[in-house]
Number of protein chains: 2
Amino acid sequence: MDWRNVDTSNCSVGRTLDLIGDRWTLLLVRELLNDVRRFSDLRVHLDISAPVLSRRLKALGLAGLVVAVPYKEDGSRPRMEYELTETGRELQVVVLALMQFGDQHLADPKGPAVVLVDAASQQRVRLALVRPDGSVMPPDSLRWRKGAAFRELPH
Amino acid sequence: MDWRNVDTSNCSVGRTLDLIGDRWTLLLVRELLNDVRRFSDLRVHLDISAPVLSRRLKALGLAGLVVAVPYKEDGSRPRMEYELTETGRELQVVVLALMQFGDQHLADPKGPAVVLVDAASQQRVRLALVRPDGSVMPPDSLRWRKGAAFRELPH
DNA sequence: CAGTATCCCATATGATACTG
DNA sequence: CAGTATCATATGGGATACTG
């Protein structure tokens, strides 16, 4: 398959980048994955301006990745907490991929700031390519093939 | 671990986003991973303007992710081909993560345009979290723990 | 044709000031 | 305090015109 003839207007990489390909969204997702849910916590921890945070949350809501759920503390007005939807939580793989690349190639010489572990075994885990039977595949034997919605480039 | 106290200025997610977190770079990496290597091929296939393509290639070169190697066709002046370095090729995991999310949640109802297969077995493959022994872990039992370069947030 | 320099514009961001 | 409206600015992108 010559990739130059693939109609990439239909490619999931580009579609996903349209959704989350700005400087803040994935950092925001990282926070939400780690249960930072309140506007002011997000604002302070990300060091993001309030208007931008507000807009990003709305955009993610519109895309169905985040929902606002009200909570109430004694004596104060109800406020909102923001949490990832099931779909939004699946962005985890993107955040982890960024983290894995950064840890390997841009990291602090001392090592990673954060490591990923399996809650059950406490072993460190990583992203890898796996076959349907669950076996791990070497990254260089990956091939891209035409899928159901494949389109040749017109002309 | 309360993530609100983590000093995220040292986080690999953010560091990687600084490097490739714009709307073009990862699409460019997708092309390079698929052996589209020439300036004009990249320009046409991505539908990107020449100045931007030029700037992105330079930036990626500076970051050590891409190198320009000269080639010569009979009768014409030598030109450049752009290819990913070993480090650059490791961005594959990021591109695949975007693709996997998009295929699952933003895709054409007909299915994915492109599928990933293992060259040896021709089986479809996917990104998953695996333990050191190569066994696959369920995504919801993932935990983030302090790593060697962990820093608490001042104050 | 391969690539770059220049200029212009769209968009994203932050500061500030505001509302409930 | 939780958020939003408004505005100024920075950054990234494209059009055009240029060089070798």
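Quick note on labels: first sequence line is chain A, next is B, and so on, each numbered from 1.
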> To the nearest Å, how far apart are B/Leu57 CG and C/dT4 P?
Replying inline: 9 Å

>> Does anything in residues 99-112 of chain A form a salt bridge (Lys or Arg N to Asp or Glu O under 4.0 Å)? List the pairs, not counting sequence neighbours.
In response: none

> Is the number of heavy atoms from other residues, nucleotides or ligands under 6.0 Å of B/Asp140 CG greater than 12?
Replying inline: yes

> Given the rule that a pair is Watson-Crick or G-U wobble with both distances under 3.5 Å, how would you write DNA chain C in dot-bracket, using | for pairs to a different strand?
Replying inline: ||||||||||||||||||||

> Are A/Tyr82 and D/dG3 close enough that a side-chain N or O sits under 4.0 Å from OP1 or OP2?
Replying inline: yes

> Looking at A/Thr16 and B/Phe101, what are the two nearest heavy atoms and their distance?
Replying inline: CG2-CD2, 3.7 Å

>> Quick one, B/Val29 with B/Leu33, criterion side chain to side chain contact (heavy atoms under 4.5 Å, CB included). Give me CA distance, side-chain angles, the key distance, then yes/no.
In response: CA-CA 6 Å; B/Val29 170; B/Leu33 283 169; 4.0 Å; yes

> Among pairs that include at least one residue of residues 48-65 of chain A, which meet side-chain hydrogen bond (donor to acceptor under 3.5 Å, both in side chains), considering only residues two or more places apart or in two chains?
Replying inline: A/Thr25-A/Arg56

> How close or far is atom P of D/dG12 from atom CG of B/Leu17, stated in whole angstroms?
Replying inline: 14 Å

>> Give the residues of residues 23-48 of chain B touching DNA chain D, defined as any heavy atom closer than 4.0 Å, sorted by residue number.
In response: B/Trp24, B/Ile48

> Taking all atoms of both residues into account, what is the closest heavy-atom pair of B/Ile48 and B/Leu42, and its distance?
Replying inline: CG2-O, 4.2 Å

> Side-chain N or O of B/Lys58 less than 4.0 angstrom from OP1 or OP2 on C/dT4?
Replying inline: yes

> So, B/Arg37 and B/Tyr71: side-chain donor and acceptor under 3.5 Å apart, yes or no?
Replying inline: no

> Expressed in angstrom and rounded to an integer, what is the separation of A/Arg56 atom CZ from C/dT11 atom C1'?
Replying inline: 10 Å

>> Under a 3.5 Å cutoff, is there a donor and acceptor pairing between the side chains of B/Arg143 and A/Gln122?
In response: no

>> Minimum heavy-atom separation for A/Arg131 and A/Pro138, please, with both atom names.
In response: NH2-CD, 4.2 Å

> Sequence neighbours excluded, which residues qualify as side-chain hydrogen bond (donor to acceptor under 3.5 Å, both in side chains) partners of B/Arg4?
Replying inline: A/Asp41, B/Asp2

> For every nucleotide of nucleotides 15-20 of chain D, 5' to 3': is a protein heavy atom under 4.0 Å from its base (B), only from its sugar-phosphate (S), or from neither (-)?
Replying inline: BB---B

> What's the CG-C1' distance between B/Leu53 and D/dG14, to the nearest Å?
Replying inline: 13 Å

>> With a 3.5 Å distance limit and no angle check, can you tell me whether B/His105 reaches the backbone of A/Leu91 through a side-chain donor-acceptor pair?
In response: no

